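To start, the structure under review is shown below, and the notes come after it.
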Number of protein chains: 2
Amino acid sequence: MANLEKPLSQRKKQILKAIIESHIANGEPVGSKYLMENKQIACSSATIRNEMAELEAMGYLEQPHTSAGRVPSEAGYRFYVDTLLEEYAITTKEIQEIHDMMSAKVGELDQILNMASKVASSMTHYTAIAVKPKTDQVTVDRFETVWIDSRRFLLVMVSSDEAVHSKTITVSADLSATDVLQIADALNRCVAGRTADEITLPVLMELESQLKNPALMTPVMKLVYDVMNRYDHGELNVTGLDRLLEYPEYSDVTELRQLIGTIENKEEIVTLVSEAEKDRNNVVIGSESEVKVMENSSLVFKPVIKDGKTVGAIGVIGPLRMDYARVLALLGTLTGSISEMLDGGTQPKLPKGEVNDDGTG
Amino acid sequence: MANLEKPLSQRKKQILKAIIESHIANGEPVGSKYLMENKQIACSSATIRNEMAELEAMGYLEQPHTSAGRVPSEAGYRFYVDTLLEEYAITTKEIQEIHDMMSAKVGELDQILNMASKVASSMTHYTAIAVKPKTDQVTVDRFETVWIDSRRFLLVMVSSDEAVHSKTITVSADLSATDVLQIADALNRCVAGRTADEITLPVLMELESQLKNPALMTPVMKLVYDVMNRYDHGELNVTGLDRLLEYPEYSDVTELRQLIGTIENKEEIVTLVSEAEKDRNNVVIGSESEVKVMENSSLVFKPVIKDGKTVGAIGVIGPLRMDYARVLALLGTLTGSISEMLDGGTQPKLPKGEVNDDGTG
DNA sequence: GTTTAGCACTCTTTTTGCCTTAGTGCTAAT
DNA sequence: ATTAGCACTAAGGCAAAAAGAGTGCTAAAC
């Protein structure tokens with residue numbers, strides 16, 4: 001079990017790499033004879049066996065039972081991803097495919113992300129996810145209101161991260177158009193520019209005194225809090241869940257159930273992705289994550305950056321023997337292509353102007 | 001196979017009902033002896049066998065193989081649902097449970113529906129869905145604009161179904177606050193009150209002539225079309241997908257894959273539900289639906305009515321041997337409870353006012 | 001000292017045959 | 001019209017046997 005971080009000989013690396021790649025391709029334990037014959041390793045099967053025994057002692061390989069070939073351990077995959085993996089040379093055809101599918105959807109960020117997840121799933125043959133991460137605390141810098149009818153008005157909030165949020169508020173009291181303007185005034189005076197923490201009781205009392213109709217306090221403030229605190233407490237869109245069933249590792253029903261459960265539940269995965277650093281390749285192998293249920297699965301994802309900020313992520317969930325190289329490459333170009341679409345504020349594709357969703361500026 | 005619509009004798013009905021209910025409970029083919037012993041049928045197993053043979057000839061039963069018991073056919077389930085089924089007496093405890101879980105979420109329609117789907121799934125032990133049906137074509141009755149910054153403004157649309165939609169529009173040109181007001185003016189003059197079909201080339205030309213900056217035409221009109229045509233082209237939220245795996249009928253991987261695929265794909269199911277009549281109990285048994293892949297599953301759903309209009313639906317997907325009686329009863333009280341919450345426009349729970357999502361006012 | 005050939009060993013998987021079981025259909029008696 | 005009785009059928013379970021795959025180890029070769 002203990003992996004003492006000894007540097008591996010060149011041949012050990014070669015063998016480990018060959019084993020992992022075979023196993024990724026076939027899903028079956030790989031044996032010494034197979035390696036010798038199919039993987040051009042320049043020594044006999046006996047030598048390979050010796051090397052494998054050592055690799056197993058180091059914790060990189062496992063043996064399902066005495067007379068089976070070897071299977072990579074989590075540590076093995078980790079080592080592979082960190083040091084052995086050769087960059088997958090993405091084909092121009094694949095690039096073309098990505099661009100074709102993506103350019104169809106020049107629209108809201110949500111739509112782009114969901115489309116990207118579709119692309120990711122169909123190109124990698126794994127289940128894909130689009131994540132809108134939890135966002136940090138923001139302030140609302142400007143409030144506007146639009147009168148709708150005597151019972152409803154629209155509250156528009158431009159927040160410090162340049163997002164625009166708007167929500168309809170329904171009240172039981174009668175509202176005039178001027179009432180509604182006055183509400184915006186009061187909010188701009190008392191609340192604008194503050195973080196949630198800075199909205200203390202005195203601030204609220206001041207606000208209440210400025211409102212002609214204090215009955216509005218509750219719904220309005222609820223909304224403001226929502227926007228500032230965790231309006232975006234993350235979203236997760238799943239595509240190609242059925243693809244899990246392509247892999248025999250998910251033929252165990254109870255395990256599959258649990259995994260589908262966690263994916264559907266969203267919370268844990270959103271947290272995991274939200275807490276990731278934005279410039280790394282994020283590869284979570286099995287029990288490396290605290291998400292218990294993912295013990296036999298890997299999650300690979302890549303943030304989508306806009307103007308230097310993480311605005312989303314695209315990821316792929318599959319068995320431990322995921323084709324990391326290809327997935328990483330595809331996610332790379334995919335997120336790159338999205339960032340390109342997003343950056344600069346104006347997209348090159350639409351000549352004149354374009355449309356964004358609420359709150360995604 | 002041929003079911004000649006002969007009226008069934010009382011005893012045949014009794015036997016058919018007993019078979020179906022046993023099969024729903026156990027999932028196994030049921031035999032004559034079992035029926036006699038456990039279901040209080042006042043005749044010998046031989047007689048039951050004779051009756052079963054006839055019921056099979058009529059198409060209500062099937063036999064997996066020569067020496068197995070009988071299993072209900074789709075026609076059998078249909079007959080059961082239409083004429084045999086006794087109303088399930090929902091317990092006060094269940095009613096309590098529903099109300100408890102639902103009252104936690106007095107909020108937007110979307111949230112209510114999704115919560116309801118959670119409740120439905122957890123109480124029935126089947127996969128549940130919340131559907132927002134496709135809506136008919138609407139007109140936009142009023143436009144408002146809010147200036148955000150030199151490159152963005154918010155377009156607010158109040159549509160004929162009283163929903164409020166708002167979207168940020170980003171443009172490459174510089175915008176002043178007055179530009180933005182002028183856009184609203186132009187839209188109100190040319191487009192307000194028309195259906196999508198009525199927006200013809202002359203109307204568009206008129207609009208363009210009124211816009212100070214014709215570059216805005218494309219994004220603005222795209223948005224307007226979206227709202228009017230199929231902004232709501234239906235939504236489907238799934239809960240408890242993992243519950244499918246509780247039932248042995250889904251242990252066939254390829255079938256399960258297909259079903260999960262269709263559920264995830266949403267389109268077909270949304271259409272199916274959207275086209276349903278609003279006052280019937282909607283029970284789709286296996287291949288009754290045109291959705292190929294649902295051949296071995298049933299879908300039971302019930303619309304959610306607000307002010308006489310269908311605003312959503314809650315449904316349950318499971319194996320053919322679904323506990324129809326209980327599911328129907330639970331969906332009934334569930335949707336009833338939602339309609340109650342929604343009706344009247346203002347919810348009694350919030351004393352002062354409340355918040356609605358965009359477009360669901 | 002490393003590599004390799006060879007072989008015994010281990011464990012899994014597949015095959016085979018046999019027996020048991022569940023439930024039927026039919027016939028003849030009630 | 002009902003029922004008892006019985007022969008018949010197909011599936012499922014079990015155990016022994018056979019086949020297969022791959023290892024670890026030893027002893028020889030480089």
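This structure is a prediction, so every number in the text was calculated from the model and none was measured. Throughout, a chain's letter reflects where its sequence line sits, starting with A, and its residues are numbered from 1. Computed over heavy atoms, backbone and side chain alike; hydrogens, waters and symmetry mates excluded.
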| task | Output, in order, the C-alpha distance, side-chain angles, deciding distance and verdict of side-chain hydrogen bond (donor to acceptor under 3.5 Å, both in side chains) for A:Asn296 and A:Glu249. | result | CA-CA 8 Å; A:Asn296 295 302; A:Glu249 20 276 274; over 6 Å; no
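- Judged by closest nucleotide on DNA chain D, B:Arg49 is the one of B:Arg49 and B:His65 placed further toward the 5' end.
- The one candidate from A:Ile90, A:Asn282, A:Val300 that meets the side chain to side chain contact (heavy atoms under 4.5 Å, CB included) condition with A:Leu328 is A:Val300.
- A donor atom on one side chain and an acceptor atom on the other are not found under 3.5 Å apart for B:Glu288 and B:Tyr77.
- Aromatic ring pairs are classed by plane angle as parallel below 30°, tilted from 30° to 60° and perpendicular above 60°; the pair A:Tyr126 and A:Tyr247 is parallel.
- Heavy atoms of other residues, nucleotides or ligands lying less than 6.0 angstrom from CD of A:Glu37 number more than 12.
- Between B:Ile15 atom CD1 and C:dG23 atom C1' the separation is 16 Å, expressed in whole Å.
- Between A:Arg11 and C:dT3 there is a side-chain N or O to OP1 or OP2 distance below 4.0 Å.
- Here the side chains of B:Tyr34 and B:Asn26 are in contact, with some heavy-atom distance below 4.5 Å.
- Other residues, nucleotides and ligands place more than 12 heavy atoms under 6.0 Å from the NZ atom of B:Lys39.
- Atom NZ of A:Lys12 is surrounded by more than 12 heavy atoms from other residues, nucleotides or ligands within 6.0 Å.
- Within the 3.5 Å criterion, the main-chain N or O of B:Pro319 finds no donor-acceptor partner in the side chain of B:Ser297.
- When the P atom of C:dG23 is taken as reference, atom CE of B:Met52 falls 9 Å away, rounded to whole Å.
- One can place CG of B:Leu61 at 11 Å from P of C:dT24, the figure rounded to the nearest angstrom.
- First and last contacting nucleotides of DNA chain D toward chain A (any atom under 4.0 angstrom from a heavy atom, 5' to 3' order): D:dA21 to D:dC25.
- Using a 4.0 Å heavy-atom distance criterion, A:Ala68 is classed as a sugar-phosphate-only contact.
- The CD1-C1' distance, from A:Ile48 to C:dT3, rounds to 12 Å in whole Å.
- Heavy-atom distances under 4.0 Å link DNA chain D to no residue of residues 24-37 of chain B.
- Between the CG atom of A:Asn50 and the C1' atom of C:dA5 there is a distance of 12 Å, rounded to whole Å.
- Contacts of B:Thr66 with the nucleic acid, taken as non-hydrogen atoms under 4.0 Å apart, involve only primed sugar atoms and P, OP1 or OP2.
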